There are 2 protein chains.
Amino acid sequence: MTESLQIQLKKGVLEMCVLALLSKGDNYAYDIASRMAEAVGMGEGTIYPLMRRMQNDGLVSTYLQESGSGPPRKYYKLTKSGANALKSQVSEWLVFETAVRKILGDVT
Amino acid sequence: MTESLQIQLKKGVLEMCVLALLSKGDNYAYDIASRMAEAVGMGEGTIYPLMRRMQNDGLVSTYLQESGSGPPRKYYKLTKSGANALKSQVSEWLVFETAVRKILGDVT
DNA sequence: AGAAGTACCTTGCACGGCAAGGTACCGTGT
DNA sequence: ACACGGTACCTTGCCGTGCAAGGTACTTCT
């Protein structure tokens, strides 16, 4: 039960969020970074290593597409295994969130 | 608004939880570690550096107390500034949690 | 005496987020 | 024609932190 996934949650939140965004439609790193920057204050320098890692892990695949406003965009698309990862990470997150809330208790 | 605190949240969760535990009564590291290990899978090796950091930051103070079952226990006690830190970290956490939930959206 | 449990702490590793810097392409203004 | 600002890509180097593993010391139980 005390899987390493559980332990990795703190690091895994960003990955999970990116997976969640991609589950709603293909997207490219720069736009993902902008959304995440607004939402949770993620820096742009974070996204590219993250995306590469996810690609290496087989969670996403990529394709290029012209944009007409700058260099061609590299779109990322969820793979099946990415979708599975999303599902399991979300449930891990919920467990974690619950545990934290329990610890916080009436402090909140 | 995009304070570094926001960014630090992922690292700050453990600290916040420890502060929350201490807000319910003084405690010693070994016991805190046990509770946290059960709750969120924290390792024992994590707690001691963390407690020292918190002490350096003035969030906690310490006193020794004999235990009759092993070496004397080093109890930690929340300082005023620790209580303030707890309050602000909890509100940061709630913001973060909300942001994540928003991103997850109907994926959940 | 030895083992097991409590409680303290340190060291070395690995990973990931960040700031800063760098490249290249495009449209608009002068 | 040229410079500028925006879009979009990516890399490098640093630092913090969580972890596993190892180490010390005291007490109780067998």
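Quick note: numbers below take in every heavy atom, side chains included, and nothing from hydrogens, waters or symmetry partners. Throughout, a chain's letter reflects where its sequence line sits, starting with A, and its residues are numbered from 1. All values derive from a computational prediction rather than experimental measurement.
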A/S34: side chain to side chain contact (heavy atoms under 4.5 Å, CB included) partners, not counting sequence neighbours: A/Y30
For B/K87, what residues pass the side chain to side chain contact (heavy atoms under 4.5 Å, CB included) criterion, not counting sequence neighbours? none
B/M54 CE to D/dT17 P, straight-line distance once rounded to whole Å: 12 Å
Would you kindly give the CD-to-C1' distance between A/Q55 and D/dC10, to the nearest whole Å? 14 Å
Provide, to the nearest angstrom, the distance between the CE atom belonging to A/M51 and the P atom belonging to C/dG17. 13 Å
Tell me: CZ of A/R53 to C1' of D/dT11, nearest whole Å? 14 Å
Are the side chains of A/C17 and A/M36 in touch, meaning some heavy atoms are under 4.5 Å apart? yes
Contacts of B/R53 that satisfy side chain to side chain contact (heavy atoms under 4.5 Å, CB included) - sequence neighbours left out: B/P49, B/L50
Holding to side chain to side chain contact (heavy atoms under 4.5 Å, CB included), I want the full list of residues that pass it with A/T62, two or more places apart in sequence or in another chain. A/Q55, A/K74, A/Y76
In this structure, how many angstroms lie between the C1' atom of C/dC9 and the CD1 atom of B/I32, rounded? 15 Å
Whole-Å distance, A/I47 CD1 to C/dA19 P, equals 14 Å
Specify the separation, in whole Å, of atom CG of A/L64 and atom C1' of D/dA8. 12 Å
So does B/R52 get a side-chain nitrogen or oxygen closer than 4.0 Å to the phosphate oxygens (OP1/OP2) of C/dC9? no
With A/D31, which residues qualify under salt bridge (charged side-chain N to carboxylate O under 4.0 Å, His left out), at least two apart? A/R35
Give me the distances for all protein-to-nucleotides 4-8 of chain C N/O pairs that come in under 3.5 Å?
{"from": "C/dT6", "atom 1": "O3'", "to": "B/S69", "atom 2": "O", "distance (Å)": "3.3"}
{"from": "C/dA7", "atom 1": "OP1", "to": "B/Y28", "atom 2": "OH", "distance (Å)": "3.3"}
{"from": "C/dA7", "atom 1": "OP1", "to": "B/R73", "atom 2": "NE", "distance (Å)": "2.4"}
{"from": "C/dA7", "atom 1": "OP1", "to": "B/R73", "atom 2": "NH2", "distance (Å)": "2.0"}
{"from": "C/dA7", "atom 1": "OP2", "to": "B/Y28", "atom 2": "OH", "distance (Å)": "3.1"}
{"from": "C/dC8", "atom 1": "OP1", "to": "B/K74", "atom 2": "N", "distance (Å)": "3.2"}
{"from": "C/dC8", "atom 1": "OP2", "to": "B/Y30", "atom 2": "N", "distance (Å)": "2.6"}
{"from": "C/dC8", "atom 1": "OP2", "to": "B/Y48", "atom 2": "OH", "distance (Å)": "3.3"}
{"from": "C/dC8", "atom 1": "N4", "to": "B/E44", "atom 2": "OE2", "distance (Å)": "3.1"}

What is the distance, to the nearest angstrom, from the CG atom on A/L50 to the P atom on C/dC18? 10 Å
